[in-house]
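Following: one structure in structure tokens, then a few remarks.
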Protein chains: 2
Amino acid sequence: MAADVLDATFAALADPTRRAILARLMEGEATVTELAAPFAMSQPGISKHLRVLERAGLVSRGRDAQRRPCRLEAAPLKEAVDWLAGYRSYWEESYQRLDALLGELGHDGPDAAERETP
Amino acid sequence: MAADVLDATFAALADPTRRAILARLMEGEATVTELAAPFAMSQPGISKHLRVLERAGLVSRGRDAQRRPCRLEAAPLKEAVDWLAGYRSYWEESYQRLDALLGELGHDGPDAAERETP
DNA sequence: CGGTTTTATAACCAGATGGTTTTGTAGCGT
DNA sequence: ACGCTACAAAACCATCTGGTTATAAAACCG
């Protein structure tokens, strides 16, 4: 699972402004000024965030006269969630008991195969 | 959904070394030197990464004489995956057709309710 | 043509990040 | 008591990040 895709995706998601932009884009395409409106931030500030999202492949942009409408591209989010899914058994409620059980058997953890990049 | 938890979690996951450390911890507890072994990096370098993971709540540490064994704490990963789940319909294969359909109806997207913090 | 809207670019700044080397410290083993 | 092991802490460095202001360019509007 491509490491730098995950790098860029997680890094992009680590900022609340960018997450809010993605949330806004769930409602449909939006121009830069529309996206900037809800935030107490300058327009170039938003443009920078959009560049980060674009380089992470989370946003694509079209053309409409002067406007550059932004569109949500969710594919990298699937990569992220696929990676996270490898840890699912570790946060599930049943894991507490399972872990204790396997611990008594001198085991390491559930499904402890080569999960290098899970 | 607590924003700073997601901030810290996604930021921690944005580094391949830290993701590899988490992957290693799926096999069970490990000491700092055990964790440092696979990497071409100094021990303090790994300790810094561990501090990031610890502050994100992804790792907890015990005591065993001089050793400070690290343990995976996956709860924040659930938060992350719960947030991502709000975008699930946007990357699903069926979304292409659904989006096109809704687009013809002048709609915005699937389930376009207030997903501010999905 | 001239002005307005929309966006991008550049230059700059403070602070975080990712790494290093060096040094210190706690606890074990002999 | 001595030295070794395991780790942390500090100081330092380069680079990235998140923000700003000011400026420029592109396309519309009248």
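Order of the sequence lines fixes the chain letters, A, B, ..., with proteins taken first and strands second; residue numbering starts at 1 for each chain.
Partners of Pro16(A) according to the side chain to side chain contact (heavy atoms under 4.5 Å, CB included) rule, which considers only residues two or more places apart in sequence or in another chain, are Arg19(A), Asp7(B). Residues forming a salt bridge (charged side-chain N to carboxylate O under 4.0 Å, His left out) with Asp64(B) (at least two apart in sequence, or on another chain): Arg67(B).
In this structure, Arg61(A) atom CZ and dT6(C) atom P are separated by 14 Å, rounded to whole Å. At whole-Å resolution of the value, CG in Leu50(B) and P in dA6(D) are 15 Å apart. Nucleotide dG18(D) holds its P atom 12 Å from the CZ atom of Arg19(A), rounded to whole Å. As rounded to whole Å, 16 Å separates atom C1' of dC7(D) from atom CG of Leu53(B). The nearest whole Å value for the distance from the CD atom in Glu29(A) to the P atom in dT7(C) is 12 Å. In this structure, CD1 of Ile46(A) is placed 8 Å from P of dG19(D), rounded to the nearest angstrom. If you measure from atom CZ of Arg68(B) to atom C1' of dT25(C), you get 13 Å, rounded to the nearest angstrom. Distance CZ (Phe39(B)) to C1' (dG18(C)): 14 Å, rounded to an integer number of Å.
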Polar atoms only, N or O, under 3.5 Å: list the protein pairs with nucleotides 10-17 of chain D and their distances.
none

Might you list the N or O atoms of the protein lying below 3.5 Å from N or O atoms in nucleotides 27-30 of chain D, with each pair's distance?
from: dC28(D); atom 1: O4'; to: Gln66(A); atom 2: NE2; distance (Å): 2.9

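For the helix from dC1(C)-dG30(D) to dT30(C)-dA1(D), the end axes, each set by the C1' atoms of five terminal pairs, are bent relative to each other by 20° (nearest 10°).
Atom-to-atom distance recorded for Phe10(A):CZ and Thr9(B):OG1 is 10.0 Å, nearest 0.5 angstrom. Within the model, atoms CG of Leu84(A) and CH2 of Trp91(A) stand 6.0 Å from one another, a figure rounded to the nearest 0.5 Å. Atom OG1 of Thr17(B) and atom CG of Leu22(B) lie 11.0 Å apart (nearest 0.5 Å). Rounding to the nearest 0.5 Å gives a distance of 12.5 Å between CD1 of Ile21(B) and CD of Glu34(B). If you take CH2 on Trp83(B) and NZ on Lys78(B), they are separated by 15.5 Å, rounding to the nearest 0.5 Å. One finds the CG atom of Leu13(A) at 9.5 Å from the CG atom of Leu13(B) (value rounded to the nearest 0.5 Å).
One hydrophobic cluster, built from ILVMFWY side chains closer than 4.5 Å, holds both Met41(A) and Val32(A).
Thr17(B) comes within 4.0 angstrom of nothing in the nucleic acid, heavy atoms only. Counting non-hydrogen atoms under 4.0 angstrom, Thr33(B) reaches the backbone sugars and phosphates but no base. At the heavy-atom level, Ser47(B) lies under 4.0 Å from the strands shown only through sugar-phosphate atoms.
Residues Gly86(B) and Met26(A) share a closest heavy-atom pair of O-SD, 3.7 Å.
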Taking distance alone, no hydrogens or angles, what donor-acceptor pairs closer than 3.5 Å link side-chain atoms of residues 42-62 of chain A to residues at least two apart or in another chain?
from: Ser42(A); atom 1: OG; to: Gly45(A); atom 2: N; distance (Å): 3.4
from: Gln43(A); atom 1: NE2; to: Ser47(A); atom 2: OG; distance (Å): 3.2
from: His49(A); atom 1: ND1; to: Arg18(A); atom 2: NH1; distance (Å): 3.2
from: Ser60(A); atom 1: OG; to: Glu73(A); atom 2: OE2; distance (Å): 2.8

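Side-chain N/O atoms of Ser42(B) include one lying less than 4.0 angstrom from OP1 or OP2 on dT20(C).
In this structure, His49(A) and Glu34(B) both approach DNA chain D, and ranking their closest nucleotides by distance from the 5' end singles out Glu34(B).
Using a 4.5 Å heavy-atom cutoff, the side chains of Tyr87(A) and Leu72(B) are in contact.
The base of dA8(D) lies close enough to the side chain of Gln43(B) for a donor and an acceptor atom to sit less than 3.5 Å apart.
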